[in-house]
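Working notes for the structure below.
Bear in mind that the values here come from a model prediction, so they are computed numbers and not experimental data. Counting starts at 1 for both ligands and their atoms, following the listed order.
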Amino acid sequence: MKNILESHYVQEMIEATSNMYRLGWDERNGGNISYLLSEEEVSEYINLNQVIRHIPLEFDGSELVGNYFITTGSGKYFKNVKSKPAECLGLFRIANSGKELELLWGFDNESLPTSELPSHLMSHIARLKVDSQHRIVMHCHASHLLAMSFTHSLDPRDFTRTLWQMCTECLVVFPEGIEIIPWLVPGTTEIGMATAEKMQTARLVIWPYHGIYGSGTTMDEVFGLIETAEKAAQVYTYVQAQGGVKQTITDENLIQLAERFGVTPKANYLTD
Ligand code: 2HA
Ligand code: ZN
C-alpha cells in the first residue's frame, strides 16, 4: 500500500485548508471541506475491508451508500491540518444502512467528521443530480462576503449583480449567480436541506451572517469560485468606503462579456 499522506487528495485538503486559514477565512474551527473519492483512489492507499470505527449519521444517507469521502473533522482548526492530518481529516464510506459512516482512515483520537456533514452530504446529493463530475463541497467564513451579508440586499439577484459588477471576471466564473438561504442554525438538517435546495441551480450559496458554501469538480475550481466571489466582496467594501459607486460595468458590458466567453448568465439577471 502507498502512503496515504502522499495521496493527491490528502495533499489537496492540506493545501486548501492552509490557504483558507492564511486568507483569514477560517478562524478557530471555522470551515469544513468534503471531497468525494472513487474506490480506485482510496484502494491504492487503504484496505477497504478494515473499518476502524462506525460513526452514526444523523440523516438518511441512503442516496450515497457505498460512496467514499475525505472530510475535515469536527472542532478541528484549519491551521493545524498540515501538522496533524490524521487527526484533522478522516476518510469514510457511507454504510449500506445509510445511517452510519465506516471510518477507514484518520479522525485519530476519537475525532469526528465536521458538524456540517448533513449540509455537505445533502449538497453532494443535489450537485451530483445536475453534474456527474461534481466532487467537492467547501464551507468557510470568507470575511468580506460575510460582512456584505449585513449591509447589502439579500435578494440573490441584487447580490449577484453587485458581485458581477465589482470584477470583470465574476460573470465568467459564476454565470449561474450566487444563491442565499435565510439565517438558520448551523449543523442542522434544516440548514442542510436549505443549502442543498439552492445547490440545484448554483455552486455558491451564502449563509447570511455566517459564511459561504461552494461546490465543484476540483479543489482549484471550488477554491477559485469562493476566492473570486470574496475578491468581489472585498472590492465592494473598498468601493463603499471610498464613497460608493460613481460608474460601473453596465448590463450591456456584461452581455458582451458573456458572449465573448461563451457563458450563459442566469436568466433575468441582466436587463435585456
Ligand atoms: O465547523 O464553520 O459552520 C465550523 C463551522 C460551522
Ligand atoms: Zn461555519
Distance-only donor-acceptor hits, side chain of residues 181-192, under 3.5 Å, sequence neighbours excluded:
residue	atom	partner	partner atom	Å
Thr188	OG1	Val185	O	2.8
Thr188	OG1	Ile191	N	3.2

Cut-off 3.5 Å, no hydrogens considered: what does the side-chain donor-acceptor table look like for residues 206-214, sequence neighbours left out?
residue	atom	partner	partner atom	Å
Trp207	NE1	Thr195	OG1	3.0
His210	NE2	His139	NE2	3.1
His210	NE2	His141	NE2	3.1

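Around the Zn ion (ligand 2), the protein contributes the following N, O or S atoms under 2.8 Å, ordered by chain and number: His139 NE2, His141 NE2, His210 NE2.
The closest side-chain donor-acceptor pair between Asn253 and Thr250 falls under 3.5 angstrom. The closest side-chain donor-acceptor pair between Ser62 and Asp60 falls under 3.5 angstrom. No hydrogens or angles considered: nothing links the side chains of Asn32 and Glu116 as a donor-acceptor pair under 3.5 Å. Checking Ser38 against Glu41 by side-chain atom types alone, a donor-acceptor pair falls below 3.5 Å.
The only option from Leu89, Ile14, Leu37 that meets the side-chain contact (heavy atoms from CB on, under 4.5 Å) definition with Tyr9 turns out to be Leu37.
A distance below 6.0 Å separates the ring centres of His152 and Phe159.
Contacts of ligand 1 (protein heavy-atom distance under 4.0 Å) are Asn29, Gly30, Gly31, Asn32, Ser115, Glu116, His139, His141, His210.
In this structure, Lys79 fails the cation-pi test against Tyr77, since its NZ or CZ atom is not both closer than 6.0 Å to the six-membered ring centre and inside 45 degrees of the ring normal.
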